[in-house]
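The structure appears right after this line, and notes come after that.
Note that these values count all heavy atoms, side chains included, but never hydrogens, waters or copies made by symmetry.
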Amino acid sequence: MSGFLSLDRMGIVFETRNGPYRALQDVDLRIAQGEFVTVIGHSGCGKSTVLNIVAGLLRATEGGVLLENREVNSPGPERAVVFQNHSLLPWLTVYDNVRLAVDKVFRKTKSKIERDEWTRHNLRLVQMNNAADKRPSEISGGMKQRVGIARALAMEPKVLLMDEPFGALDALTRAHLQDALMTIHADLGNTVIMITHDVDEAVLLSDRIVMMTNGPAATVGKVLSVSLARPRKRLSLADDTEYNRCRADVMKFLYRQTETDDPRAA
Amino acid sequence: MSQNAAKFVKDTGVQKRPGLSDTAGRTPASAAKPIVSANVQVSDSGKSRARAREWAWRLFLPAITFLIVIAIWSFIHSDIAKDVPSPLATWKHAIDVFSHPFYNAGPNDMGIGWQLLYSLGRVLSGFGLAVVVGIPVGFLMGMSETFERAWQPLVQILRPVSPLAWLPIGLLLFKAVDPSAIFVIFITCIWPTVMNTAAGVKAIPKDYLNVSRVLQLSKWETTRRILLPATLPYIVTGMRLSLGIAWMVIVAAEMLTGGIGIGFYVWDEWNNLNVKSIIVAIVLIGLVGMLLEAGMMLVQKRLDYRT
């Protein structure tokens with residue numbers, strides 16, 4: 001079976017001072033177009049490494065990634081990344097941060113006016129059009145992450161890769177951004193891989209949740225399909241049996257990981 | 001080395017000097033702001049009173065310091081070393097010197113203004129050359145480990161050498177005073193510029209480079225859009241340090257080369273046993289150095305995205 005995006009028995013070994021370290025082993029995953037997949041696991045289990053390999057920022061030492069049956073071996077705007085710490089360029093305004101990406105991706109296909117309009121359109125999408133002329137240092141963490149999302153969306157990526165994008169935000173801001181992300185995903189139908197360590201976030205957003213075992217040699221432990229109808233409303237979900245079943249499932253998996261894999265527990 | 005370079009930057013002041021940032025940032029007006037919203041009339045007079053107090057304080061304390069120094073100076077003149085001129089005599093001489101700074105009575109007898117301009121010219125030429133050469137070299141050292149490995153030992157050996165030691169080499173190479181002095185200033189400025197630029201390039205967060213990789217920016221685009229703006233604060237710090245040291249070195253260099261220049265002026269007046277002129281020159285050199293520093297601080301403020 002070949003999906004839109006497939007991770008094929010992917011593994012990676014890092015050369016460290018204390019010899020080789022196997023971070024990932026046999027990570028195997030098929031993702032359909034338009035699917036929203038979250039990867040969840042304990043910190044240090046290699047979630048971000050999976051994302052970085054798909055992004056092309058790291059190269060797998062075994063297996064690999066296929067996007068529309070073409071091998072991924074370098075980074076590119078068709079796999080846009082929303083970085084954990086937003087990574088906006090501090091010397092550029094909000095507008096210019098997005099415009100930089102737009103100019104690079106659409107230099108040949110869009111006119112200057114179209115690129116300006118497209119930049120503003122994407123800022124509107126994340127409700128940041130009013131802060132277009134501000135510098136990243138002048139806006140809040142949640143706003144920065146919105147701009148980071150706008151920058152990634154503006155590249156019209158085939159796959160949107162999000163590396164714990166809301167990890168550093170307070171609960172309320174995070175909820176707002178999750179809602180915004182769901183709306184955008186419903187409108188644009190992007191294929192999304194999102195790394196998270198937040199169970200509620202994973203269940204709320206995902207079509208499927210990929211649970212990773214603890215490292216070293218981390219791999220896919222379990223994949224859970226979340227069959228909740230969209231659009232999802234966080235308030236009504238609180239009492240939903242399916243929601244709570246999924247939530248419990250993930251919790252159980254994560255809890256079992258700490259029990260079995262923690263050498264200090266033995 | 002990266003540690004060294006980082007330490008170098010840290011020690012020598014990426015951080016703003018408290019004195020100068022005080023003048024720029026924390027104004028008494030902003031301190032009194034909360035009162036403004038309470039009662040406009042009271043706060044207005046309160047604000048101006050606070051400002052007046054702030055200024056009195058700012059002038060008063062240094063004035064006391066100056067007075068103490070002048071008193072000690074007078075005491076040295078009257079009781080310890082009679083050869084040291086009195087403050088009053090020096091002041092009178094200063095007025096005399098500054099009343100015609102640009103007189104020109106042949107190449108060996110020119111006003112203090114000319115001496116100063118020649119020195120400044122040499123400093124700025126050497127500094128400019130060092131910036132043009134040092135920034136690209138610093139970039140290479142910061143970006144390429146091979147390049148850094150190859151050059152680092154040489155730089156480490158040459159960096160602690162007093163730039164004045166290079167003066168004979170300069171004279172040998174150029175057989176003229178002016179280019180030799182400029183050469184010495186170039187050597188003075190090149191190390192801080194290279195080291196700070198390299199440190200800046202190394203300090204660029206990996207995320208910025210990942211952004212450039214995801215966007216598939218070319219080497220040139222990455223340099224122009226990411227590396228250069230990210231490194232600029234470090235580069236300007238290196239330039240500011242360079243210029244400060246260069247202004248110190250030029251005085252010594254000109255004492256050795258002779259001819260014209262503020263350093264030569266000091267030495268020449270010493271040969272004439274004209275100590276008053278020397279004191280005047282010392283104060284003048286200090287003031288110019290302060291202005292150079294302030295100018296570079298302005299540049300830094302303009303170019304540093306963090307401010």
Side-chain angles (χ1 to χ4, degrees), chain A residues 48 51-59 72-93 96-108 134-138 144-145 147-148 151-165 168, chain B residues 2-3 9 14-16 21 24-25 30 135 138-139 142-143 145 196-197 199-239 297-307:
Chain A
S48 291
L51 192 95
N52 282 334
I53 294 173
V54 178
L57 294 169
L58 285 175
R59 291 208 60 176
V72 165
N73 44 29
S74 65
E78 84 277 5
R79 280 160 286 118
V81 183
V82 178
F83 294 92
Q84 192 166 0
N85 54 355
H86 64 77
S87 293
L88 299 179
L89 304 176
W91 52 88
L92 296 180
T93 61
D96 285 331
N97 263 289
V98 179
R99 181 66 188 261
L100 176 66
V102 171
D103 278 348
K104 185 62 199 178
V105 177
F106 299 106
R107 187 179 300 164
K108 295 199 180 90
K134 290 220 159 78
R135 296 282 176 101
S137 57
E138 298 170 304
K144 282 180 209 166
Q145 210 48 276
V147 180
R151 176 173 65 184
L153 288 174
M155 300 178 207
E156 277 194 332
K158 289 176 180 160
V159 184
L160 185 61
L161 303 169
M162 309 181 88
D163 188 0
E164 292 190 31
Chain B
S2 66
Q3 255 185 343
V9 173
V14 174
Q15 281 86 10
K16 283 181 288 175
S21 72
S30 68
I135 292 176
F139 259 90
M143 288 197 290
E145 201 159 333
N196 272 279
T197 307
V201 172
K202 284 185 179 176
I204 295 176
K206 203 155 181 271
D207 291 318
Y208 297 169
L209 299 176
N210 280 341
V211 169
S212 117
R213 288 176 69 197
V214 168
L215 287 176
Q216 291 179 333
L217 299 183
S218 66
K219 266 233 149 70
W220 165 243
E221 285 169 321
T222 306
T223 308
R224 200 173 65 84
R225 304 297 308 254
I226 309 230
L227 296 180
L228 204 58
T231 319
L232 212 51
Y234 287 80
I235 294 178
V236 178
T237 300
M239 286 168 63
M297 289 298 285
L298 270 182
V299 173
Q300 190 158 18
K301 264 209 137 143
R302 283 293 302 274
L303 296 182
D304 195 335
Y305 58 83
R306 295 169 302 186
T307 52

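- Atom NZ of A:Lys104 is surrounded by more than 12 heavy atoms from other residues, nucleotides or ligands within 6.0 Å.
- For chain B, the nearby parts of A:Ala101 are the backbone and the side chain; heavy atoms of each come within less than 4.5 Å.
- Only the side chain of A:Leu92 has a heavy atom closer than 4.5 Å to any heavy atom of chain B.
- Here the shortest heavy-atom pairing between A:Pro75 and B:Gln216 reads O-NE2, 2.9 Å.
- For A:Asn85, the part lying under 4.5 angstrom from a heavy atom of chain B is the side chain only.
- With rounding to the nearest 0.5 Å, the separation of CD in B:Glu221 from CG in A:Asp103 is 9.5 Å.
- Contacts between B:Ser218 and chain A at a heavy-atom distance below 4.5 Å involve the backbone alone (N, CA, C, O).
- Smallest separation of non-hydrogen atoms from A:Phe83 and B:Val214: CZ-CG2, 4.3 Å.
- For A:Arg79, the part sitting under 4.5 Å from any heavy atom of chain B is the backbone (N, CA, C, O) and nothing else.
- Note that the NE2 atom of A:His86 and the CG atom of B:Asp207 stand 9.0 Å from one another [nearest 0.5 Å].
- Taking both residues in full, the closest heavy atoms of A:Leu89 and B:Arg225 are given as CD1-O, 4.5 Å, listed atom of the first, atom of the second, then distance.
- With hydrogens and angles ignored, the 3.5 Å screen pairs no side-chain donor or acceptor of A:Trp91 with any backbone N or O of B:Ile226.
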